[in-house]
Amino acid sequence: MGSEDSAQGDTNTRPRLLEQVRDAIRLRHYSLRTEEAYGYWIKRFIYFSGKRHPLTVGAPQVTAFLNYLSRGRNVAASTQNQALSALLFLYKEVLAEPLPWLDELERAQRPARLPTVLTRAEAQRLLAAMRGTKWLMASLLYGAGLRLTECLKLRVKDVDFGYRQILVRDGKGAKDRVTMLPEGAIEPLKAHLVEVRRLHERDLADGYGDVELPDALARKYPRAPYEWAWKFVFPSAKRSIDPRTGVIRRHHVYENYVTRGVKEAARAARIVKPVSCHTLRHSFATHLLESGYDIRTVQELLGHDSVETTMVYTHVAGLGGRGVKSPLDQVKAPHAIG
């Protein structure tokens, strides 16, 4: 690694290091959320190390920091893994000093848990307690098995009414996939897009109307950001300043818009299970398996790399342990209690 003096000198200009991290992330087209998360953990690590430059500490200090998160802060496994990914990115991609395998690292073990799944009746009650755009988004989460971020980033061009399918672009693992467009969502979605187009035309009339494009498409196709096909299906009600470019444009709705709507609907429907947006995706997979669809088909619709990941739903759908009849149900017993 570099000398102590040169690295210490860089510590005094630490914002330049964070700018290098930002530039490296954007060069690889990582999401804004990843950029913010990596920046947060790198700053936490620098403060933990006494504000020393990362080149002067290396693997032992990284190990100490991650063990501190596991022991002292008792963070979740996913949180510790995120911090580890940020620091590995820092050393490998920014500082060009790849870290060796951290044998001394105490990884926080992620507990094996079965997903929370709604019954069909509960899903119906939940959706019945929602209205408007929130209902439509929740219907796609449940009816098409979309992840929340996939629903938020959905573009007009990715909804194929002719083939009744949705093309999910750049899903988890930077993969594309095709999933179904639920029959019950087609007409409401068409009506919704009529209103969205009016909003887009009003933006154009006001001198705005462009939208963020993935990768470098905006440079390759300068007019594409203004085209209807690239608009978000679920745009925000207000324009905002793009934190990366400073451009005023209309982004998609915030996550909280949907997550709060689902939570409120679950309370209104008196569902006692912990319900989140991802619960609807779990329910989509489970209900398809209960209906007799092949697990490989469900795997493709969900976008799972391995069928083993999809297999967890067989245990929830009564295809695993719940398919066994209890011995209590095979004997006649008195029903008196007390």
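Just so it is clear, the model here is predicted, and its values are computed rather than measured.
- Distance OG1/Thr133 to CZ/Phe234: 7.0 Å, rounded to 0.5 Å.
- Both tests hold for Arg155 against Phe232: distance to the six-membered ring centre under 6.0 Å, angle to the ring axis within 45°.
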Exercise. Should Val258 and Lys134 be marked as a side chain to side chain contact (heavy atoms under 4.5 Å, CB included) after you check the CA-CA gap, both sets of side-chain angles, and the distance that decides it?
Worked result: CA-CA 6 Å; Val258 193; Lys134 292 179 181 178; 6.0 Å; no

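- Heavy-atom neighbours of Tyr254 OH from other residues, nucleotides or ligands within 6.0 Å: at or below the threshold of 12.
- Atom-to-atom distance recorded for Leu280:CG and Leu146:CG is 10.5 Å, nearest 0.5 angstrom.
- Between the Thr245 side chain and the Val247 main chain, a donor and an acceptor come within less than 3.5 Å of each other.
- Looking at heavy atoms from C-beta onward, Pro235 lies in side-chain contact with Leu199 at the 4.5 angstrom threshold.
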Exercise. Given the rule in the side chain to side chain contact (heavy atoms under 4.5 Å, CB included) test, do Arg147 and His278 qualify, once you have shown the distances and angles that lead to the verdict?
Worked result: CA-CA 7 Å; Arg147 298 178 177 92; His278 212 64; 4.2 Å; yes

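- Of the possible donor and acceptor atoms, none in the side chain of Arg164 sits under 3.5 Å from a partner among the backbone N and O of Leu181.
- The distance from atom CE of Met130 to atom CG of Leu136, rounded to the nearest 0.5 Å, is 10.0 Å.
- At least one side-chain heavy atom of Lys175 sits under 4.5 Å from a side-chain heavy atom of Asp305.
- Atom CG in Leu213 sits 9.0 Å away from atom CD in Glu227 (nearest 0.5 Å).
- Of all heavy-atom pairs spanning Ala265 and Ala129, the tightest one is O-CB, 3.8 Å.
- The CG atom of Leu84 sits 11.5 Å away from atom CH2 of Trp41, with the distance rounded to the nearest 0.5 Å.
- Between atom CZ of residue Arg16 and atom CG of residue Leu18 there is a gap of 12.0 Å, rounded to the nearest 0.5 Å.
- In this structure, Phe65 and Ile46 have side chains that are not in contact, with every pair of non-hydrogen atoms separated by 4.5 Å or more.
- Leu193 and Ile166 fall within a single hydrophobic cluster, where Ile, Leu, Val, Met, Phe, Trp and Tyr side chains are chained together by heavy-atom contacts under 4.5 Å.
- Between Arg250 and the choices Asp242, Asp203, Asp206, Asp210, the salt bridge (charged side-chain N to carboxylate O under 4.0 Å, His left out) rule is met once, by Asp203.
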For this session: Given side chain to side chain contact (heavy atoms under 4.5 Å, CB included), test Asp294 with Val298 step by step and report yes or no.
Result: CA-CA 7 Å; Asp294 180 76; Val298 179; over 6 Å; no

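- Of the possible donor and acceptor atoms, none in the side chain of Arg239 sits under 3.5 Å from a partner among the backbone N and O of Ser236.
- Of all non-hydrogen atoms in Phe45 and Pro54, the two that sit nearest each other are CE2-CB, 4.3 Å.
- Looking at Lys231, its side chain does come within 3.5 Å of a backbone N or O of Gly209 through a donor-acceptor pair.
- Applying the salt bridge (Lys or Arg N to Asp or Glu O under 4.0 Å) definition to pairs two or more places apart or across chains, those involving residues 273-289 are Glu122-Lys273.
- For the pair Glu212 and Arg249, the salt-bridge criterion is not met [side-chain N within less than 4.0 Å of a carboxylate O].
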For this session: Test Leu289 against Ile295 for side chain to side chain contact (heavy atoms under 4.5 Å, CB included), laying out the working first.
Result: CA-CA 7 Å; Leu289 290 173; Ile295 193 170; 4.2 Å; yes

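- Atom NZ of Lys92 is surrounded by 12 or fewer heavy atoms from other residues, nucleotides or ligands within 6.0 Å.
- Checked by atom type and distance alone, the side chain of Thr116 never pairs as donor or acceptor with a backbone atom of Thr279 at under 3.5 Å.
- Between Lys190 and Glu195, none of the side-chain N atoms (NZ, or NE/NH1/NH2) sits under 4.0 Å from a carboxylate O, so this pair counts as no salt bridge.
- Under 3.5 Å, the side chains of Tyr142 and His287 contain a donor-acceptor pair of N or O atoms.
- More than 12 heavy atoms of other shown residues, nucleotides or ligands fall within 6.0 angstrom of atom CD in Glu201.
- Between Met137 and Val253 the shortest heavy-atom distance is CE-CG2, 3.9 Å.
- Hydrophobic clustering keeps Ile186 apart from Leu167 (ILVMFWY residues linked when any side-chain heavy atoms are closer than 4.5 Å, directly or through intermediates).
- More than 12 heavy atoms of other shown residues, nucleotides or ligands fall within 6.0 angstrom of atom CG in Leu204.
- Under 3.5 Å, the side chains of Thr310 and His304 contain a donor-acceptor pair of N or O atoms.
- The two residues Leu126 and Ala266 make their nearest non-hydrogen contact at CD1-N, 3.4 Å.
- Aromatic pair Tyr226/His200: centroids not less than 6.0 angstrom apart.
- At least one side-chain heavy atom of Ile271 sits less than 4.5 Å from a side-chain heavy atom of Arg125.
- Side chains of Leu95 and Leu17 form a contact here, defined as non-hydrogen atoms less than 4.5 Å apart.
- No continuous path of ILVMFWY side-chain contacts below 4.5 Å connects Phe284 to Val262, so the two sit in separate hydrophobic clusters.
- No side-chain donor-acceptor contact under 3.5 Å links Arg26 and Tyr30.
- The pair Glu19-Arg22 does not count as a salt bridge, with every side-chain nitrogen at least 4.0 angstrom from each carboxylate oxygen.
- A salt bridge does not link Arg169 with Glu150: every distance from a Lys NZ or Arg NE/NH1/NH2 to an Asp or Glu carboxylate oxygen is 4.0 Å or more.
- Val156 and Trp230 fall into different hydrophobic clusters, where Ile, Leu, Val, Met, Phe, Trp and Tyr are joined by side-chain heavy atoms under 4.5 Å apart, directly or via other members.
- Using a 4.5 Å cut-off on side-chain heavy atoms (C-beta onward), Leu69 and Thr79 make no contact.
- For Tyr257, the ring-ring contact (aromatic ring centres under 6.0 Å, His included) test picks out no residue, with sequence neighbours left out.
- The backbone N or O of Leu66 lies less than 3.5 Å from a partner atom in the side chain of Gln80, making a donor-acceptor pair.
- Note: the hydrophobic cluster containing Leu140 also contains Val275 (ILVMFWY, side chain heavy atoms under 4.5 Å, direct or indirect links).
- With 3.5 Å as the limit, one finds a donor-acceptor pair spanning the side chains of Arg120 and Ser291.
- For Arg28 (side chain) and Ile25 (main-chain N/O), no donor-acceptor pair under 3.5 Å exists by modelled atom type.
- Smallest separation of non-hydrogen atoms from Gln61 and Ser49: CG-OG, 3.2 Å.
- When every heavy atom of His251 is checked against every heavy atom of Ser240, the shortest pair comes out as CB-OG, 4.4 Å.
- Ser139 places no side-chain N or O within donor-acceptor distance of the main-chain N or O of Ala185, the cut-off being under 3.5 Å.
- Between Leu88 and Ser85 the shortest side-chain heavy-atom distance does not fall below 4.5 Å.
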